[in-house]
Amino acid sequence: MSHDLPSRALPDSGREIQLASRPHGRPVPQNFRLAEAGVPGLEEGQLLVRNAFMSVDPYMRGRMNDSKSYSAPFRLDEALDGGAVGEVIASRSDAHKPGDVVVHQRGWREYAVVDAAAATPVPAGLAPHSAFLGALGMTGLTAYAGLLKVAEFKAGDVVFVSGAAGAVGSIVGQIAKAMGAAKVIGSAGTLEKVERLLELGFDAAFNYRDAPVLEQLQAAAGEGGIDVYFDNVGGEHLEAALALMNTGGRVAMCGAIAQYNSTEPPAAPRNLAVAIGKQLTLRGFLVGGQRQHAAEFAGRMAGWLADGTVQYDETIVDGLENAPQAFIDLLDGANTGKMLVRI
């Protein structure tokens with residue numbers, strides 16, 4: 001069955017952001033191009049979605065390099081992609097009808113042709129649609145599964161989160177507090193972000209630009225040390241955390257944003273051998289490998305949001321044409337919470 005709108009009502013072209021050249025080090029606006037592209041006709045089992053919001057995320061920086069990784073590189077002179085939420089305006093699938101709102105991975109464009117199987121319906125009334133790219137979406141699942149399943153958090157743990165004012169980190173800290181952490185410590189890059197972390201219930205927070213990370217983390221942790229480190233940053237933060245981890249500590253390695261734009265090999269951590277004597281566990285993870293926990297996460301997060309246990313921040317940039325700058329600004333730490341582009 002198909003739910004096509006009359007063809008005269010459907011767009012035949014739309015704007016998209018293409019990768020014009022591969023960044024060397026820090027991306028610049030010239031690496032991107034705003035272009036007009038045709039909207040292909042729908043095949044059986046496909047939807048046409050008018051995107052409302054798209055996500056910019058740190059992992060996208062790696063996909064701009066022409067190198068083998070867990071995710072295929074973006075292609076030059078083609079639209080980038082990533083998380084987006086929007087309204088179905090035509091359908092050739094029984095699973096979705098026009099007017100439905102769905103999340104999918106064909107962002108960076110106004111109109112997306114999406115396989116119905118790759119679109120996730122957004123339930124009405126639970127939260128604003130943008131939240132399904134953040135706290136109720138991949139971001140929230142990353143925080144939840146990384147803390148509880150990968151780092152095997154348990155009540156009474158002392159938890160350190162780097163990049164703690166970002167989309168993932170801010171939720172990690174709040175989940176840890178909700179589930180009985182003895183202490184939650186966060187690092188961020190501005191005084192305003194540090195203050196926001198304290199408002200969100202972090203027990204301690206510091207600006208990593210103020211003094212060496214190890215010095216500030218030691219002051220925050222005190223004699224108790226650290227049991228769990230949720231790593232969004234890598235580099236100096238990881239080195240400091242390893243130095244202060246307790247025996248049997250666990251590190252969930254989610255990201256290394258400190259080195260994403262680096263053209264030189266990272267200098268730290270230089271103390272990895274402490275993992276032997278302390279019997280530490282360091283586990284890298286991808287949210288794609290945690291989807292078996294999605295239903296459990298969705299139920300718990302909906303409850304936490306409803307009762308105010310977890311709050312989320314969004315930094316919203318208006319206009320598809322401003323998506324490249326939003327992405328560049330994200331890598332520079334300009335966001336508090338989830339960085340989104342309203343298309």
Side-chain angles (χ1 to χ4, degrees), residues 127 131 134-208 213 216-233 237 240-241 244-246 248-255 281 283 285 287 290 293-294 296-314 335-338:
L136 280 164
M138 183 180 76
T139 300
L141 179 59
T142 302
Y144 181 88
L147 179 68
L148 301 184
K149 311 301 181 180
V150 177
E152 298 179 350
F153 167 87
K154 56 187 184 297
D157 281 343
V158 175
V159 178
F160 172 45
V161 187
S162 58
V168 172
S170 58
I171 293 176
V172 171
Q174 292 179 82
I175 293 175
K177 285 299 291 184
M179 300 195 70
K183 182 184 283 185
V184 177
I185 304 163
S187 74
T190 68
L191 174 61
E192 293 76 17
K193 290 182 180 182
V194 167
E195 290 173 346
R196 179 59 180 151
L197 293 177
L198 297 175
E199 287 174 5
L200 290 175
F202 282 67
D203 298 289
F206 62 86
N207 182 349
Y208 66 82
V213 174
Q216 298 193 78
L217 182 55
Q218 200 151 25
E223 296 298 313
I226 297 162
D227 301 300
V228 168
Y229 172 43
F230 195 105
D231 189 16
N232 291 306
V233 175
H237 279 79
L244 298 176
M245 296 291 286
N246 295 323
R250 291 89 67 207
V251 180
M253 302 179 72
C254 180
T281 301
R283 283 185 64 190
F285 76 102
V287 68
Q290 304 296 322
H293 305 301
E296 174 191 317
F297 151 74
R300 290 179 102 164
M301 182 57 75
W304 285 330
L305 291 175
D307 68 14
T309 298
V310 172
Q311 301 174 48
Y312 63 91
D313 293 323
E314 295 176 331
N335 59 302
T336 299
K338 183 74 177 175

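Small disclaimer: the values here were computed from a predicted structure and weren't measured.
- We find the CZ-CG distance between Phe206 and Leu197 to be 10.5 Å, quoted to the nearest 0.5 Å.
- For the atom pair CE of Met179 and CH2 of Trp304, the computed distance is 5.5 Å after rounding to the nearest 0.5 Å.
- Checking side-chain atoms of Gln290 against main-chain N and O of Thr142 turns up no donor-acceptor pair under 3.5 Å.
- Nearest heavy-atom pair across Phe153 and Gly180 is CZ-C, 4.2 Å.
- Judged purely by atom type and a 3.5 angstrom limit, Lys193 uses its side chain to pair as donor or acceptor with the backbone of Asn335.
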Derivation and outcome, side-chain contact (heavy atoms from CB on, under 4.5 Å), residues Arg300 and His293
CA-CA 11 Å; Arg300 290 179 102 164; His293 305 301; over 6 Å; no

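- Scanning all heavy atoms of the two residues, the minimum distance from Ser170 to Phe202 falls at O-CE1, 4.1 Å.
- Here the shortest heavy-atom pairing between Ala151 and Ala252 reads CB-CB, 4.0 Å.
- With Asn232 contributing its side chain and Gly255 its backbone, the two residues share no donor-acceptor pair below 3.5 Å.
- Annotation for Thr309 and Gln174: closest pair O-OE1, 3.8 Å, computed over non-hydrogen atoms.
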Criterion side-chain contact (heavy atoms from CB on, under 4.5 Å) on Thr336 and Glu192, from CA distance to verdict
CA-CA 9 Å; Thr336 299; Glu192 293 76 17; over 6 Å; no

Take Ile226 and Leu217 through the side-chain contact (heavy atoms from CB on, under 4.5 Å) test and state the conclusion after the steps.
CA-CA 9 Å; Ile226 297 162; Leu217 182 55; 3.6 Å; yes

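- Between Phe285 and Phe230, the ring planes are perpendicular. Angles over 60° get that label, and only those under 30° would be called parallel.
- Across every non-hydrogen atom of Met301 and Ile171, the tightest pair is CE-CG2, 3.7 Å.
- Pairing each heavy atom of Asn207 with each of Gln216, the nearest pair is O-NE2, 2.8 Å.
- Panel note: side chain Asp203, backbone Val184; a donor-acceptor pair is recorded below 3.5 Å.
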Between Tyr312 and Leu305, is a side-chain contact (heavy atoms from CB on, under 4.5 Å) present by the stated rule, with each step listed?
CA-CA 9 Å; Tyr312 63 91; Leu305 291 175; 3.8 Å; yes

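- For the atom pair CE (Met245) and CZ (Arg250), the distance works out to 7.5 Å, reported to the nearest 0.5 Å.
- In this structure a side-chain-to-backbone donor-acceptor pair under 3.5 Å is present from Lys183 to Ala220.
- Checked against a 6.0 Å centroid threshold, the rings of Tyr208 and His237 count as neighbours.
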